[in-house]
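Presented below is the structure to which this report refers.
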Number of protein chains: 2
Amino acid sequence: MSTRRAPTLEDVAARAGVSRATVSRVVNADPRVRATAREAVSRAVTELGYRPNRAARALVKRAPDSVAVVVPETDQRVFSDPVIMEMLRGISEGLEETPLQMVLVLGRAGRDTDRLERWLRGGHTDGAIVLSAHLDDGVTSALSEIGLPTVMIGRPPGPEQGLPFVDLDNVDGGRQATDRLVARGCRRIGTVAGPVDMAASRDRLAGWRESLGAAGLADDAVEHGDFSSEGGRLAMRRLLAAHRDLDGVFVASDLMAAAAVSELQAAGRAVPGDVAVVGYDDSPAAQLTVPRLTTVANPGDRMAREATVMLRELLAGRPVSSRVLPTHLVEGGTA
Amino acid sequence: MSTRRAPTLEDVAARAGVSRATVSRVVNADPRVRATAREAVSRAVTELGYRPNRAARALVKRAPDSVAVVVPETDQRVFSDPVIMEMLRGISEGLEETPLQMVLVLGRAGRDTDRLERWLRGGHTDGAIVLSAHLDDGVTSALSEIGLPTVMIGRPPGPEQGLPFVDLDNVDGGRQATDRLVARGCRRIGTVAGPVDMAASRDRLAGWRESLGAAGLADDAVEHGDFSSEGGRLAMRRLLAAHRDLDGVFVASDLMAAAAVSELQAAGRAVPGDVAVVGYDDSPAAQLTVPRLTTVANPGDRMAREATVMLRELLAGRPVSSRVLPTHLVEGGTA
DNA sequence: ACAGTACGTGAGAGCGCTCTCACGACGCGG
DNA sequence: CCGCGTCGTGAGAGCGCTCTCACGTACTGT
């Protein structure tokens with residue numbers, strides 16, 4: 001019943017009748033080992049159930065082996081955000097072919113910042129990817145100070161910390177969405193924007209303004225939602241109450257857009273007949289609406305994947321610069 | 001510009017004028033070091049920016065240092081499930097005070113099972129926690145075969161693999177919800193159940209049946225939804241069409257319940273006046289409804305936290321048995 | 001005054017692995 | 001038949017850390 005020591009290279013070597021070095025070569029697929037020796041080793045490995053000790057290996061080859069994925073779980077919003085999961089998947093896929101492990105670090109800014117910072121300083125990982133949908137929470141400044149190779153997903157709000165980021169072009173996304181409404185002939189275009197403290201919301205709103213400005217239309221019909229379904233419904237209701245002549249609306253998230261569409265229909269407006277709607281995210285869940293939402297692609301997984309590429313560059317000692325990925329409109333039936 | 005070697009214990013020792021052992025003691029907060037020595041070391045540590053090498057440390061103290069958190073991302077459903085995030089947070093919190101790192105492993109069953117299994121066999125971590133909201137995907141059997149200390153969150157559907165699990169008492173939850181409707185005087189009670197392939201849905205449905213059976217009421221008003229808002233709305237619509245005399249509904253998730261409430265209201269039924277509704281999850285997002293949902297607590301974070309406790313027992317070599325945590329009704333205004 | 005007992009410290013042996021280096025056994029051309 | 005290159009292999013030196021053990025040194029009690 002004693003938990004017997006795990007077999008080591010030494011044990012395998014003894015069993016196979018070769019030296020440690022040879023076993024190491026076989027395990028690491030070094031070609032210059034005679035076939036007979038290789039087989040003997042392989043047999044010994046399986047017989048003993050040998051598994052290389054990760055720590056020992058990491059100790060000697062000083063290569064990076066793990067990256068922290070920091071999710072500053074600031075509030076309930078992030079929490080229910082499917083995009084977070086999508087990004088995690090993107091990172092996971094981007095790291096798939098590398099020996100890098102993805103160490104998840106959750107923490108609520110404010111409450112956990114100290115702990116988080118201490119942990120990051122602890123040198124547990126060789127790099128970090130920060131999902132920063134939010135206002136600066138102290139973590140980013142800590143990271144840039146520590147000097148840990150870091151990539152931010154989503155342009156950090158507030159002053160630049162000098163950390164490279166990947167982001168999607170939310171300004172252009174908002175513009176494309178609104179351009180579509182304009183091109184359709186809408187003259188009175190409102191927007192259900194996202195939370196004011198998120199860079200993505202602000203950018204989409206800016207894009208909406210730019211498009212309207214270029215078209216010479218008014219840009220005063222704005223209501224903010226919290227990116228949730230219910231928030232979208234309420235914002236749409238307020239928007240409609242304040243501007244009864246609305247014939248087009250850009251809603252800054254699909255979840256909100258789906259709710260907005262049903263709110264409009266409940267109010268007796270045909271979509272897109274009376275009011276055209278463009279959403280944002282191209283999220284699968286919100287594509288169940290009838291008619292299917294016209295929306296803007298917002299591939300969080302691609303962004304995340306890009307972040308892993310950048311981080312690997314950093315780990316290799318090469319400098320990287322921030323990237324802003326293009327978005328595009330996804331055709332649907334609501335605009 | 002050469003990437004100079006990171007400072008080691010040796011360097012710190014030299015700078016502080018003590019031995020490696022003393023530095024090690026200071027770093028590890030060993031009390032038996034004279035204050036003066038301790039200060040000298042601390043100073044040297046900060047001056048040099050010394051950070052202990054995790055690999056070396058792990059090599060010598062053969063203590064477990066990381067656990068895999070396997071999220072079998074089977075389909076879109078999990079993806080948008082806020083409960084997953086809640087569980088991740090619970091695990092994160094449960095591991096907070098331990099040296100264990102949380103290594104996230106995402107993988108879609110089927111497509112990624114091989115890769116996942118290979119990875120798990122690779123011995124990258126010392127244990128695993130599996131978020132198993134789904135039908136068996138091969139990962140669990142692999143884990144029980146490998147012998148890696150593992151705890152499942154959510155009772156695995158299908159045959160027991162001998163792996164310990166934590167779960168919430170969904171049968172009792174369904175029963176409590178329905179008992180409430182019965183106690184309120186409802187005589188014609190339907191349910192919007194969850195997906196048929198999930199243990200949690202099946203258990204809640206079973207609880208609903210038990211309660212109705214005990215009360216001598218019919219249990220034929222059943223519709224299934226996919227746990228999404230839209231799915232709940234549609235299921236409610238079908239349920240109402242099939243059973244116009246409904247005076248009570250147990251909806252197996254808050255997201256669906258919120259949609260069901262608005263669907264009922266749209267159909268001209270007062271809630272809870274004409275039809276009483278009980279949801280499930282006590283999710284913050286779905287608590288925004290007016291009136292506030294009467295629902296069943298479903299603390300994923302507590303379950304996850306319990307899983308970390310169990311895993312730590314396993315890692316310490318002690319046997320553990322599965323646990324089913326109690327749930328309770330949360331008062332609201334819809335029943 | 002001396003043994004006994006802390007207590008703080010340093011020397012040094014590993015932990016399991018990789019990797020360089022050297023060495024013997026070949027095969028080749030001259 | 002000798003020198004040379006090639007190939008497969010083993011010996012052994014670390015990687016950075018922890019931890020045991022032994023050794024002062026400074027207290028106690030008698």
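Every value quoted in this text rests on a predicted model; they were computed, and no experiment measured them. Order of the sequence lines fixes the chain letters, A, B, ..., with proteins taken first and strands second; residue numbering starts at 1 for each chain.
No donor-acceptor distance shorter than 3.5 angstrom exists from the side chain of B:Asp30 to the backbone of B:Arg25, with no hydrogens or angles considered.
Set against D:dG10, C:dC17, D:dG16, the side chain of A:Thr22 has D:dG10 as its closest nucleotide. Of the candidates C:dC17, D:dT18, D:dG10, the closest approach to any side-chain atom of A:Ala21 belongs to D:dG10. Of the candidate nucleotides D:dC17, D:dG16, C:dC17, D:dC17 has the atom lying nearest to any side-chain atom of B:Tyr50. If you check C:dA13, D:dG16, C:dT20 against the side chain of B:Thr8, the one that comes closest is D:dG16. Among D:dA11, C:dG10, D:dT18, the nucleotide with an atom closest to any side-chain atom of B:Val60 is D:dT18.
B:Arg54 and B:Asp65 are joined by a salt bridge, as a carboxylate oxygen and a charged side-chain nitrogen come within less than 4.0 angstrom of each other. Salt-bridge formation is not detected for the pair A:Arg302/A:Glu306: no Lys NZ or Arg NE/NH1/NH2 atom is positioned less than 4.0 Å from an Asp or Glu carboxylate oxygen.
Between A:Arg51 atom CZ and C:dC17 atom P the separation is 12 Å, expressed in whole Å. Atom CG of B:Leu59 and atom P of D:dG16 are 12 Å apart (whole Å). C:dC15 atom C1' lies 17 Å from atom CZ of A:Arg54, rounded to whole Å. One can place NZ of A:Lys61 at 8 Å from C1' of C:dT18, the figure rounded to the nearest angstrom. If you measure from atom CG of A:Asp30 to atom P of D:dG10, you get 13 Å, rounded to the nearest angstrom. Rounded to an integer number of Å, the gap from B:Arg20 CZ to D:dG16 P is 11 Å. Note: CG (B:Asp11) to P (D:dC15) measures 11 Å, nearest angstrom. Between the CD atom of A:Glu10 and the P atom of C:dG14 there is a distance of 13 Å, given to the nearest Å.
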Distances under 3.5 Å between nitrogen or oxygen atoms of protein and nucleotides 4-8 of chain C:
none

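A donor-acceptor contact under 3.5 Å is formed by the side chain of B:Arg25 with the base of C:dG10.
Counting only heavy atoms from C-beta outward, the side chains of B:Ser66 and B:Asp126 approach each other to under 4.5 Å. A 4.5 Å side-chain heavy-atom check between B:Thr308 and B:Leu311 finds every atom pair outside the cut-off. The shortest side-chain heavy-atom distance between B:Arg20 and B:Thr8 does not fall under the 4.5 Å cut-off. The shortest side-chain heavy-atom distance between A:Val309 and A:Val320 does not fall under the 4.5 Å cut-off.
Around CZ of B:Arg38, the count of heavy atoms belonging to other residues, nucleotides or ligands within 6.0 Å exceeds 12.
When the side-chain nitrogen and oxygen atoms of B:Asn53 are compared with OP1 and OP2 of D:dC15, none of them lie within a distance under 4.0 Å. Phosphate contact (OP1/OP2 of D:dT18, side-chain N/O of B:Ser24, threshold under 4.0 Å): present.
Ranked by how close their nearest DNA chain C nucleotide is to the 5' end, B:Val18 and B:Ala56 are led by B:Val18.
The residue B:Arg62 sits close only to the backbone: its heavy atoms come under 4.0 Å of sugar-phosphate atoms, none of a base.
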